[in-house]
Structure formats: C-alpha cells, structure tokens
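Each ligand, and each atom within it, is numbered from 1 in the order the structure gives.
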Amino acid sequence: MLNFTKRKLGLVSVLSLSLVAAGCGSGDDSSSGNSEGESETSVSEEVEHTIVGIEPGAGATVATEETVETYDSLNGWEHEQSSTAAMLTSLGDAIEEEEPIVVVGWSPHYMFAKWDLKYLEDPEGSYGGSEQITTLARTGFEEENTGAYQILERIGWDISTLEDLMLQAQDASVEEVAQSWIDDNQDKVDEWLADAPEGDGATVDLVLTPWDSERLTGNMAKLALEQHGYEVNLTPVDPAIVFESVATGDSDATLAAWLPKTHGSFYEEHKENLVKVNEAIDGAKIGLAVPEYMDIESIEDLEAAE
Ligand code: PBE
C-alpha cells in the first residue's frame, strides 16, 4: 500500500530544485542593513555571506529561501542546502574553533541542548512564530478506526522531553530511546489508551518525516498503539509527501506536521482532505541560529553581500 513512496521521490528532487531556483533575491540594496558598528560587518564577511542550510525538501528550507528574499541585510547571501548531518558537522566544527557560523536551526532539536546557541531575531516574522507539531489524519479515519483516532487525540509531549530524548539518541538508536521512554512512562501511556476500543490487529499506517524529532514521536506512538492491539507501519518521507499521502488516504495519519508556518503551504494545498487530530507538541520553532558568542542579535544585524 505504501509503495507510492518510491515513485514520488523523483518528484521531490525536481520540486526541490525549482525551490532553489526560485530563491534568488534581487532588488536595490544600497544600505548595509547594519547599524551597530564594524564587528557585524566582519561577521557577515567571515561566514562568506553563507547560511548553512539543510535538506532541499524541508519546510525550514523553503522558509529560509523566503527569508533571504525578505531581508535587505541578506541580499546576495548564499543559502547552502545539503543535509541536517552536514549542517550539524559544520556547526560543531565552527563552535570548536569559536568561529562564526549562521545555520538553519529548529526546536525541538538536541543542538540547543548540546551547544549554546541563539535564534537571530526575525522582525519581519518570515519564519513565523511559535509552532505546533500537529497530528493529522485522513478523512474517514476517525469513523473507521475510532480507537486509534482516540489514542492519537491524546498523545503529546513537551519540547524539553523531546530534546532530552534526542540527545540520548546520539548514543543509542531512536527505537531504543523510544522504547525506554515508554517503559519509564507507562502511567502516561495508560492515560492515552484508557477507554479506547482495542485494535484487534487493525493496521495503522503512519507517515513521518526523517528528522529525529519525528522518528522519536512516530516510534513512541507506534509502541503505544501496539500495546492496544494495533499493528503500526512507520514510513519516513519528505514533508510534501507526508501531506499528500495522508490527504489521498495512502496512509492514515502523521504526527509530523509543523504548523502554521513550516509546512503551511503543504497544509493549505491539502487541507480539504485532512483532519486536525491534536497539537501533540507546542512551542516548536524554526529560524536562523548562531552560537551565543557571536555579537549579533537579529537578522537585520547581518550585512548584504552586494
Ligand atoms: N524540520 C524538522 C523539518 C520538520 C522537522 C524543522 C527541519 C522541516 O520540514 O523543516
């Protein structure tokens, strides 16, 4: 049932390329966008007017393309897209040498637990504000699988719990960390499962994105549903495919929708065929992040390259 995934992956890369091409900002920018002295100027030069980004298919990547277009201070900047792993390596290396670096960051992620980082202020609001990581289901799922729907309605975590688990997942597999959280929090799981009809072997197809936060929540939801007699399949795909898959009914639900901003365009495209089940995590965030030791506070403190 889920073999649509492979077919669609080609589409994702084509889409990603067009997003890159659409990201070239223009416009006359004679001001430096910097009013606070000379050290900020050197910061922008030292990072070679480059934002270290992540995967082309990420919502945070699309938002960063918009941000580069929005701010005069980012005129002529390069938004380097690669992978989360490569971004984290560059960030770790820079911090080791106390060098400046500007990355695409988000919470929950262990980067904020492991290093002293700060988000650059975003006065234009181009990264949105506080977000909810939302559980979405296909239309009809509640009627056809009331028990699983009820359980998904109750499942949730706070940001600090997830950041802690993500840090643990540096030294163990996500599956192991998920299992040990479930073992340690059976009282909470019991609350999620209370009074919900048993699954009796019914299948629940969950789609998720491939980042650690969603792999953890997906695995914890899977373990909880399995305790109640459901069989759960987890399929990681790009964000665009998550929304399409649930909306078309290829899968049943996802715990991976960052709303209203990060995945807002995907949600808008498919919302007629999606049911908001629950806001499982509140206070998520995306933005440009820098090490605390950097002497800048806002995206407007950066300096245009041209
Ligand atoms: N993220 C992490 C993803 C969602 C989870 C913020 C990098 C994104 O689509 O941007």
Side-chain angles (χ1 to χ4, degrees), residues 8-9 12-13 15-16 19-20 23 51-68 79-91 102-114 117 119-120 122 126-136 156-159 161-163 165-167 169-170 174 206-221 234-246 253-270 274 279-289:
K8 301 262 171 72
L9 284 179
V12 175
S13 5
L15 180 84
S16 305
L19 290 172
V20 177
I51 296 166
V52 181
I54 57 167
E55 290 80 359
T61 300
V62 180
T64 302
E65 291 294 298
E66 287 167 13
T67 302
V68 171
H79 171 206
E80 203 178 83
Q81 299 171 34
S82 57
S83 69
T84 297
M87 179 277 285
L88 292 168
T89 301
S90 302
L91 182 58
V102 180
V103 303
V104 173
W106 63 93
S107 319
H109 191 278
Y110 74 77
M111 66 181 111
F112 284 89
K114 183 169 179 180
L117 302 177
Y119 284 106
L120 292 181
D122 171 25
S126 84
Y127 282 107
S130 179
E131 306 225 291
Q132 291 76 42
I133 308 180
T134 306
T135 303
L136 302 174
W157 300 268
D158 55 41
I159 296 274
T161 300
L162 288 174
E163 284 186 340
L165 295 176
M166 290 167 83
L167 204 52
Q170 292 309 289
V174 161
L206 296 179
V207 273
L208 60 153
T209 54
W211 288 278
D212 277 4
S213 43
E214 281 61 41
R215 292 175 57 226
L216 270 164
T217 56
N219 275 283
M220 291 188 283
L234 293 180
T235 307
V237 290
D238 270 13
I241 307 303
V242 165
F243 286 78
E244 186 175 332
S245 159
V246 179
T254 182
L255 285 82
W258 286 49
L259 297 174
K261 173 69 195 179
T262 306
H263 298 146
S265 58
F266 304 131
Y267 179 70
E268 286 303 314
E269 194 182 335
H270 293 289
L274 295 170
E279 290 174 350
I281 297 139
D282 193 19
K285 186 172 166 54
I286 61 172
L288 291 183

- Over all atoms of both residues, closest heavy-atom pair of Glu163 and Tyr110: O-CB, 4.3 Å
- Message: Is there a polar contact between ligand 1 and Gly59, counting only N or O atoms under 3.5 Å apart?
- Response: yes
- Query: Nearest protein heavy-atom contact for atom 6 (C) of ligand 1: which residue, which atom, what distance?
  - Reply: Trp106 CG, 3.7 Å
- Query: His263: heavy atom below 4.0 Å from ligand 1, yes or no?
  - Reply: yes
- Can you tell me which residue and heavy atom of the protein come closest to atom 10 (O) of ligand 1, and the distance to 0.1 Å? Ala60 N, 2.8 Å
- Query: For ligand 1, which atoms, with element, lie under 4.0 Å from some heavy atom of Pro239?
  - Reply: 9 (O)
- Message: Has Thr209 got a side-chain atom pairing as donor or acceptor with Pro239's backbone, closer than 3.5 angstrom?
- Response: no
- If every non-hydrogen atom of Glu66 is compared with every non-hydrogen atom of Lys261, which pair is closest and at what distance? OE1-NZ, 2.8 Å
- Query: Going by the order shown, which atoms of ligand 1 are within less than 4.0 Å of some heavy atom of Ala58?
  - Reply: 8 (C), 9 (O), 10 (O)
- Task: For Glu55 and Thr61, work out which heavy atoms get closest and say how close.
- Result: O-OG1, 2.5 Å
- Proximal atoms of ligand 1 relative to Trp258 (non-hydrogen, under 4.0 Å): 2 (C), 4 (C), 5 (C), 6 (C)
- Relative to the heavy atoms of Ile54, which atoms of ligand 1 are at a distance of less than 4.0 Å? 7 (C)
- Aromatic rings His263 and Phe266: how do their planes relate, parallel, tilted or perpendicular, breaks at 30° and 60°? tilted
- Message: Only heavy atoms of Thr262, strictly under 4.0 Å: list the atoms of ligand 1 that pass.
- Response: 8 (C), 9 (O), 10 (O)
- Do the non-hydrogen side-chain atoms of Tyr267 and Leu136 ever get within less than 4.5 Å of each other? yes
- Message: Ignoring hydrogens, what is the shortest heavy-atom contact between Thr67 and Ser126? Give both atom names and the distance.
- Response: OG1-OG, 2.6 Å
